[in-house]
Amino acid sequence: MPAQARSILRLLGFLNLRGISGQIAALVVASFIAIHLIITATFFLLRPDQPNPSGGGHSQLIASIQLLGAAPAAQRPRLIADIARAFPRLGVASLAPGSVAPAAGDPDEPGLRSLHRRLGGNYRLFSLAPGQDAHRIGITLPDGAMISARILPGQWRHWFWGEPWMITLLFVIISLTLLGLWAARALTAPLSSFAKAAESFSLNGAAAPLPERGPEEIRSVARALNRMRERITALIDDRTRLLAAISHDLRTPITRLRLRSEFIEDAVHRTQMLRDLDQMRSMLEAVLSFLRNDGNLEPMTLIDIATTLQLVSDQFADTGCKVAYDGPAHAMVTGRPDDLHRAITNLVENAVRFGAEATIHLETSPRAMTIEVEDNGPGIADARKEMVLEPFVRGDDARNMDEAAGFGLGLSIARAIVVAHGGKLTLNDRQPHGLIVRIELPTQEQHHASSDGGR
Amino acid sequence: MATPPPNILVVEDDRETRALIAKYLRTNACNVTTAADGREMVRAMTDHRVDLLILDVMLPGEDGLSLCRKVRAESQMPIIMLTARGEDVDRILGLEMGADDYLAKPFNPRELLARINAVLRRQAAAQAASAVNGATALNFLGWRIDFRLRELRNPAGARVAMTSAEFDLLRIFCERPGRVLSRESLLDLTQGRNAGSFERSIDVLVSRIRRKIESDPRDATMIKTVRSGGYMFTPTVDAV
C-alpha cells in the first residue's frame with residue numbers, strides 16, 4: 001500500500017495541481033467522477049432494470065405469466081379466467097396451439113427484451129401477426145402452451161426517455177457544463193485582468209502592481225509583469241533624471257551666453273542671438289516643467305482665474321500678437337495659479353503660432369468653468385487630435401524647428417496641469433477652420449473634495 | 001540719474017557668470033563687488049558698503065536661501081535671488097526668506113537691471129514714505145497686497161494674477177495713498193527711466209490694474225485719474 005500511495009503522490013506531483021494544466025485535469029477528472037457518481041446513485045435509487053413495484057400493469061403481467069407458467073396445464077383455463085377478471089386491462093387469453101406461428105428469433109423491441117429478461121429464459125415472447133391489436137403479444141410458456149396478453153401502452157418506453165433518471169442525467173450534464181464554464185473562467189480571469197492592467201499601464205500614474213494570486217502559471221506571469229513594470233519605470237526615471245540634469249546644466253551656459261550677447265555691438269546680430277537664446281530658454285522651461293515631479297506641486301489656493309486670462313492675453317498683446325479675452329471680469333476657482341497660467345500660456349502660444357489671432361473665452365456655471373482658447377489656424381485633423389496631446393508630438397510634422405516651434409510639449413503640459421486640477425482638456429474643431437482647445441475645470445465645492453483626496 | 005551709483009554685491013559660484021554679471025552691471029552704472037560663496041559674501045559685506053545683494057540659490061557650502069535668511073535677520077538690505085531652478089516652490093521659499101525679488105536662470109540681463117532699479121527705488125521711497133513703511137503686507141477695502149509673496153488677494157481671498165510691473169505699480173500706489181502721483185514720478189518709482197524694453201506706458205498698466213481691482217473699470221474709484229496729469233490712490237491703507 002505505501003508504494004501505491006507514493007505512486008499516486010508522484011502522479012499528483014506530475015499533474016502539478018498548482019498549475020493551470022493540473023487544475024484543468026483535476027476539473028475534468030472531478031467532473032467525470034461526479035457524473036459517474038450521480039448516474040450510479042440514480043441507477044441504484046431508481047433501478048430501471050428492476051420491475052417497478054408500483055408499476056401496475058407491467059409487474060402484473062409478469063406475475064400473471066409466471067403464475068400461468070407454473071400452474072398445471074389443466075388449471076390454466078380457470079386461472080386465465082380469474083386473471084382476466086382480476087386484471088381486465090391485461091387481456092390475458094389462451095392461444096390455441098397452431099393458431100399463430102411464433103416469429104423466429106427474439107423480439108427486438110427494447111421493451112419486450114426487458115420483459116423477456118425479467119421473465120427468464122424459459123419463456124419466449126413473440127409478436128402477433130399484424131392486423132391485430134398492436135399492443136398484444138404472444139407468450140410461450142415453458143411447457144409450450146401459448147397465451148396472449150396486452151402490453152399496456154407507454155409501459156415499455158417510458159422508463160427509458162421519460163423516467164426521472166434521464167431528466168437527472170440531463171440536469172447533471174447541464175449543471176456540470178455550467179460548473180466547468182465557471183471554473184474555466186475562474187482560472188482564466190486573472191489573464192483578462194492582466195490584459196486590462198497592461199492596457200492601463202501608464203508611466204506617470206502610480207498604478208497598483210498586479211495581484212500575484214491564482215494558479216502557478218498566472219502567478220509567475222504576474223510576477224514577471226510586475227518586474228517588467230518596475231524595470232520600465234526605473235528606466236524612464238533614469239531617463240527623466242538625465243533629461244532634467246541636462247536641462248538644468250544647460251541653464252548655466254545659456255545664462256552666460258545671454259549676458260555675453262549684451263556686449264555684442266552689432267544690433268542685428270544681437271537681436272538674432274537673443275531670439276535664439278529665448279527659444280532655447282523656452283524649450284528648456286518646457287522640458288523642465290514637463291518633467292517637474294509631482295512632489296513639488298504648488299499649493300492650491302483660491303484664484304481669480306479671469307485675471308489670469310486677462311494677464312495672458314495682455315502678455316501676448318505686448319509682444320504684438322492678436323490675443324483677446326472674452327469673458328467675465330472676475331471668476332473664482334481653486335487651483336495652482338502659476339500652473340494654470342502656464343497651461344493657458346502654452347495654449348495661446350500654440351494658437352498664435354498656427355493662427356493669425358486667438359481668443360480666450362471664459363464661461364462659468366455653478367458646477368464647472370469652461371475656458372476656451374480659439375484660433376483661426378488650419379486646425380487639427382480628428383485622427384491626429386489624440387496624438388498631438390502626447391509629449392514631443394507637434395501639430396505639423398512638416399514644420400521644421402523655426403523660431404516659433406518648440407518641443408511639442410505645450411499641449412501635454414497643459415493637459416497634465418488641467419488633469420491635476422481634476423478637469424479635462426479637449427480639442428475641438430472651429431468653424432469654418434481653426435482649433436478650439438476647451439478646458440473644463442470643476443469649481444470650488446467639488447474641487448475641494450477631489451484635491452483633498454489627491455494629496 | 002543724479003543718485004550715486006549703487007554698490008551691488010553679486011554672490012554666484014560660476015566664475016564666468018559672476019564676471020559677466022559684474023561686467024554688465026558696471027557698464028550700466030553700478031559699483032560691483034563679487035563673491036563666490038557665503039564666506040566671501042560675509043567678508044565682502046564687512047569690507048564694502050553694499051546697497052543691494054544678488055544671491056544665487058545654488059551655492060557651494062551654505063546655500064543661498066539660508067544666507068538670505070541670515071542677511072535679512074540683520075538688515076533690511078534689498079536682496080534679489082537667482083536660481084537655476086525655475087520651481088515655484090523655490091520662488092515662494094525665496095520670497096518668504098525675505099528676498100525682495102526673484103529671477104530664474106537663464107534670465108534676461110535687462111530684466112535684472114530693471115529689477116535692481118525697482119528694488120532700490122522702492123527701498124529709497126519706502127524710507128521716505130508714510131506709516132506703512134516697513135510693513136510686509138497692506139490692506140485696503142478688504143484687498144490684501146503681500147510684498148513678501150508678491151501677491152494680491154481680493155476681498156474673497158482669491159489670488160489675482162498680475163505681472164511684475166503691475167504689482168510694483170500697485171505697490172507704489174498702496175504705499176502712497178491719497179497723494180497725487182504724476183506719470184513721471186510713477187515711472188521713476190517703478191522701473192527707472194532707462195529701463196529699456198520693460199518700460200510699459202503707465203497708463204496701460206493703470207488700466208490693467210483697474211480692470212482687475214475696480215468694480216467698474218470705466219468709472220474708477222480706487223485709482224482715480226487726476227486732471228492735472230497723474231493718478232491718486234483713494235482707499236485707506238492699513239498695515240497688516
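- Counting non-hydrogen atoms of neighbouring residues, nucleotides and ligands closer than 6.0 angstrom, the CZ atom of Arg239(A) reaches no more than 12 such neighbours.
- Under the side chain to side chain contact (heavy atoms under 4.5 Å, CB included) test applied with Gln310(A), the options Arg211(B), Arg208(B), Met162(B) reduce to a single match, Arg211(B).
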Side chain to side chain contact (heavy atoms under 4.5 Å, CB included) between Thr307(A) and Arg159(B), intermediate numbers included: CA-CA 9 Å; Thr307(A) 60; Arg159(B) 194 174 133 167; over 6 Å; no
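- In the displayed structure, Arg183(B) atom CZ is contacted under 6.0 Å by more than 12 heavy atoms of other residues, nucleotides or ligands.
- Going from atom CZ of Phe107(B) over to atom CG of Leu259(A) covers 5.0 Å, rounded to the nearest 0.5 Å.
- The shortest heavy-atom contact between Pro106(B) and Thr255(A) is CA-OG1, 3.3 Å.
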Asp314(A) and Thr163(B): CA distance, side-chain angles, deciding distance, side chain to side chain contact (heavy atoms under 4.5 Å, CB included) verdict: CA-CA 9 Å; Asp314(A) 287 346; Thr163(B) 60; over 6 Å; no
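- For chain A, no part of Glu12(B) is nearby; none of its heavy atoms comes within less than 4.5 Å.
- Between the CG atom of Asn154(B) and the CG atom of Leu302(A) there is a distance of 7.0 Å, given to the nearest 0.5 Å.
- The part of Glu166(B) that comes within reach of chain A is its side chain, from C-beta onward, which places non-hydrogen atoms under 4.5 angstrom from that chain.
- Of the N and O atoms on the side chains of Arg153(B) and Thr301(A), at least one donor lies less than 3.5 Å from an acceptor on the other residue.
- Under 4.0 Å is where a charged nitrogen must lie from a carboxylate oxygen, and between Lys23(B) and Glu262(A) no such pair does.
- Chain A is approached within less than 4.5 Å, heavy atom to heavy atom, by Asp14(B), Glu16(B), Thr17(B), Leu20(B), Ile21(B) from residues 13-22 of chain B, ordered by number.
- When each of Met280(A), His330(A), Gln315(A) is scored by its heavy-atom pairs under 4.5 Å with chain B, the top score falls to His330(A).
- In this structure, Arg258(A) contributes its side chain and Asn108(B) its backbone to no donor-acceptor pair below 3.5 Å.
- If you measure heavy-atom distances from Thr27(B) to chain A, the contacts under 4.5 Å come from the side chain alone.
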